[in-house]
Amino acid sequence: MSRRSLTLLKNLTRNTNTSCNQTRSVTYMPRPGDGSPRAVTLIPGDGIGPLVTNAVEQVMEAMHAPIYFEKYDVHGEMSRVPAEVMESIRKNKVCLKGGLKTPVGGGVSSLNVQLRKELDLFASLVNCFNLPGLPTRHENVDIVVIRENTEGEYAGLEHEVVPGVVESLKVITKFCSERIAKYAFEYAYLNNRKKVTAVHKANIMKLADGLFLESCREVAKKYPGITYNEIIVDNCCMQLVAKPEQFDVMVTPNLYGNLVANTAAGIAGGTGVMPGGNVGADHAVFEQGASAGNVGKDKIVRENKANPVALLLSSAMMLRHLQFPSFADRLETAVKRVISEGKCRTKDLGGQSTTQQVVDAVIANLE
Amino acid sequence: MTMAAFLARRLLASSTLISAARPFSSSSTTPIKATLFPGDGIGPEIAESVKQVFTAADVAIEWDEHYVATEVDPRTNSFLTWESLQSVLDNKVGLKGPMATPIGKGHRSLNLTLRKELNLYANVRPCYSLPGYKTRYDDVDLITIRENTEGEYSGLEHQVVKGVVESIKIITRKASMRVAEYAFLYAKTHGRKKVSAIHKANIMQKTDGLFLQCCDEVAEKYPEIEYEKVVIDNCCMMLVKNPALFDVLVMPNLYGDIISDLCAGLVGGLGLTPSCNIGEDGIALAEAVHGSAPDIAGKNLANPTALLLSGVMMLRHLKLNKQAEQIHSAIINTIAEGKYRTADLGGTSTTTEFTNAICDHL
């Protein structure tokens with residue numbers, strides 16, 4: 001009871017910093033029955049995963065969002081994702097997960113990649129943008145990196161030819177390139193984005209990346225209202241560091257997408273704050289946008305100083321995906337307010353707060 | 001103050017080498033022969049700058065100039081003549097300006113020819129913030145060492161069936177050991193403290209795993225140098241957030257290409273970045289990695305910094321550290337002073353004015 005009056009008092013005395021304030025003129029019209037709770041599979045994962053997914057659980061509860069989580073324990077050392085987890089995701093169609101740590105050179109294939117391939121989550125999306133109030137070296141960054149998620153260099157086809165000589169196959173198919181290009185343009189169209197840039201290395205890998213570019217060009221013709229251009233990946237990274245404002249939506253094959261997404265996330269404030277997820281025709285898995293640091297170092301886990309912002313913003317994307325836009329707006333507004341106030345920031349953003357402090361601040365800022 | 005510290009660190013690093021035995025002795029009266037490829041476009045102008053500065057600094061080098069031919073030499077199957085290549089193989093050291101690749105088929109690209117014939121296996125690019133030329137990052141001081149012969153750039157692609165293409169990435173123990181050895185040797189001789197191996201071995205377990213294994217083995221032989229392994233996505237993020245975390249980076253071909261260009265972007269672009277290609281038998285070919293800029297060719301507007309700094313790398317390879325340091329400081333001071341800067345750095349000087357300013361600073 002006293003907590004509510006405290007919040008009301010805060011609302012009355014708050015300095016109306018209207019940049020993040022929500023006006024009442026936006027109304028979403030639901031269908032009858034849309035308010036019934038939806039089940040979402042939750043995979044806490046390894047390292048900082050349990051910390052940040054717990055943060056999301058707390059905030060969802062504080063908002064009374066119409067979702068409930070079915071939690072499953074999955075760890076990176078397992079050889080496969082357990083069948084019951086896959087069952088659950090197929091049933092619920094939506095999943096929220098923390099990072100799964102892949103042992104380096106351990107002979108265990110990455111569970112993150114496995115999950116994406118089995119559910120055919122062919123598009124990985126990361127939204128890298130400057131958060132108001134968070135100082136970074138680069139301004140005007142608002143880039144969405146759409147990365148092909150199933151083939152390319154991550155085909156996992158390696159073998160030792162003779163001792164000391166190893167081959168790895170990079171596979172590019174027209175089918176996958178076309179569907180990722182279609183998704184990228186469709187995304188740009190639906191989200192009012194003006195430009196799509198294809199990232200490649202076709203001057204060296206003429207057939208493979210050449211096929212990717214061909215597919216992008218074909219799809220580009222169907223969207224004459226959207227500007228399309230191409231850039232070589234090494235030049236792209238250089239441009240990202242020098243002039244990131246020139247990029248809008250970027251579509252890339254698997255490996256380059258990983259690098260570009262992490263670079264773009266780094267320039268806009270770090271992977272601790274960028275939301276994203278993986279989507280396919282039937283399922284969607286939301287997680288921290290860019291992959292660097294999604295498991296985190298042991299020290300951060302021990303001190304409970306992981307940054308929950310990325311996963312909170314990703315869960316806002318998830319709420320929109322589940323057609324609960326009003327809850328998503330409230331969550332995003334609260335998170336952005338906490339960041340812009342600057343009092344509660346974790347170590348990667350230059351502050352000293354713990355995860356719990358950030359969560360409490362977000363909950364306090366919920367309208 | 002940062003500039004003083006920066007210069008002090010460089011002096012300290014190179015002073016340890018002056019007493020080392022030099023296979024190329026500059027104290028004798030016979031000058032060292034070095035091949036010079038001025039290249040195309042702005043190439044000849046900036047090559048002139050280099051020659052002028054080197055003469056002003058009393059560097060005892062005799063330039064053996066070679067130009068790209070106008071027709072394909074059948075002995076090399078490219079526009080580079082057999083004599084040019086032989087010259088580098090004999091002199092063991094060279095400086096190359098930007099070369100425009102002639103369009104057409106039936107011949108190898110110039111860079112490919114050089115790489116294959118001279119067996120250039122490592123590409124070394126030092127990236128450090130130039131005091132006086134402000135970019136968003138002022139504490140960059142790292143070296144990228146990239147394996148240059150295999151990896152994803154082996155050029156082995158084929159169409160399996162229509163719409164399905166395979167590209168083969170090859171990693172061999174021999175090439176990985178070679179570049180790892182060079183990286184650690186470089187770190188030791190230049191007084192660097194840490195070597196980071198960049199990889200994606202959590203996904204590409206056998207290929208990048210083999211590369212890492214080789215780096216591990218070499219690291220054991222250099223216990224005084226700190227060694228770490230960083231996954232490439234982490235590396236990209238850390239580089240743009242805090243480049244001071246890195247010292248020497250060693251990586252396979254593709255990652256090296258991307259990371260070295262990313263680092264060049266951190267310090268001001270390809271127009272200021274030196275680079276040196278190391279070949280078997282101690283061959284070193286320093287080169288400016290920017291393009292030939294045909295639109296400003298012949299107009300005395302080009303910025304010779306990249307080629308000059310590459311020339312400095314060449315001098316360090318030849319162990320002519322005193323003069324290398326002299327020329328290097330002169331370049332840094334000229335840019336820091338800000339009075340003479342070429343158009344790409346935001347100034348109005350011509351190439352000759354800039355070069356003269358450097359000579360004055362010697």
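All chains are named by letter (A, B, ...) in the order of the sequence lines, taking the proteins before the strands, and each is independently numbered beginning at 1.
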Can you say whether A:K101 sits under 4.5 Å from chain B via the side chain, the backbone, both, or neither, judging by heavy atoms? neither

B:E152 vs A:K170, test: side-chain contact (heavy atoms from CB on, under 4.5 Å). Steps then yes/no. CA-CA 9 Å; B:E152 299 81 348; A:K170 161 179 168 169; over 6 Å; no

With only heavy atoms counted, which part of A:E153 is less than 4.5 Å from chain B, the side chain, the backbone, both or neither? both

Where on A:V113 is there a heavy atom nearer than 4.5 Å to chain B: the side chain, the backbone, both, or neither? side chain

Measure distances from B:L156 to the heavy atoms of chain A and classify the residue's part below 4.5 Å as side chain, backbone, both or neither. neither

Contact check, side chains of A:T263 and B:C236, non-hydrogen atoms, under 4.5 Å: yes

Under 4.5 Å from any heavy atom of chain A - which part of B:Q159: backbone

Which atom of A:A242 lies closest to which atom of B:R136, heavy atoms considered: O-NH1, 2.6 Å

Is there a side-chain contact (heavy atoms from CB on, under 4.5 Å) between B:Y137 and A:V241? Walk through the geometry before answering. CA-CA 10 Å; B:Y137 299 86; A:V241 178; 3.8 Å; yes

Mind ranking A:E158, A:K174, A:H138, A:M238 by heavy-atom pairs under 4.5 Å with chain B and telling me who comes out on top? A:E158

Tell me, please, which residues at least two apart from B:Y133 pass ring pair (Phe, Tyr, Trp, His ring centres under 6.0 Å). none

Report, by ascending residue number, the residues of residues 168-177 of chain B in heavy-atom contact with chain A at a distance under 4.5 Å; give 'none' if the set is empty. B:I168, B:K169, B:I170, B:I171, B:T172, B:R173

Evaluation steps, side-chain contact (heavy atoms from CB on, under 4.5 Å), between B:Y255 and A:L255: CA-CA 10 Å; B:Y255 312 146; A:L255 180 68; 3.8 Å; yes

Nearest atoms (heavy-atom pairs only) where B:G163 meets A:L211: O-CD2, 3.7 Å

Using a strict threshold of under 4.0 Å (side-chain N to carboxylate O), is an ion pair present between A:K201 and B:D257? yes

Heavy-atom closest pair (A:K206 atom, B:E157 atom, distance to 0.1 Å) is N-OE1, 3.0 Å

Applying a strict 4.5 Å limit to non-hydrogen atoms, the region of A:L240 in contact with chain B is neither

Is there any residue in residues 288-299 of chain A with a non-hydrogen atom under 4.5 Å from a non-hydrogen atom of chain B, and which ones are they? A:S291, A:A292, A:G293

Mind listing the closest non-hydrogen atom pair of B:S167 and A:M205 along with its distance? OG-SD, 3.8 Å

Can you list everything that forms a side chain to side chain contact (heavy atoms under 4.5 Å, CB included) with A:T102? Sequence neighbours excluded, please. A:S110, A:N112, B:N202

Please find the pair of heavy atoms, one from A:S168 and one from B:M204, that lie closest to each other, and give the distance. OG-SD, 4.1 Å

Please look at A:L259 and chain B and tell me whether the side chain, the backbone, both or neither of the residue comes under 4.5 angstrom of a heavy atom of that chain. both

Side chain, backbone, both or neither: which part of B:K200 has a heavy atom under 4.5 Å from chain A? side chain

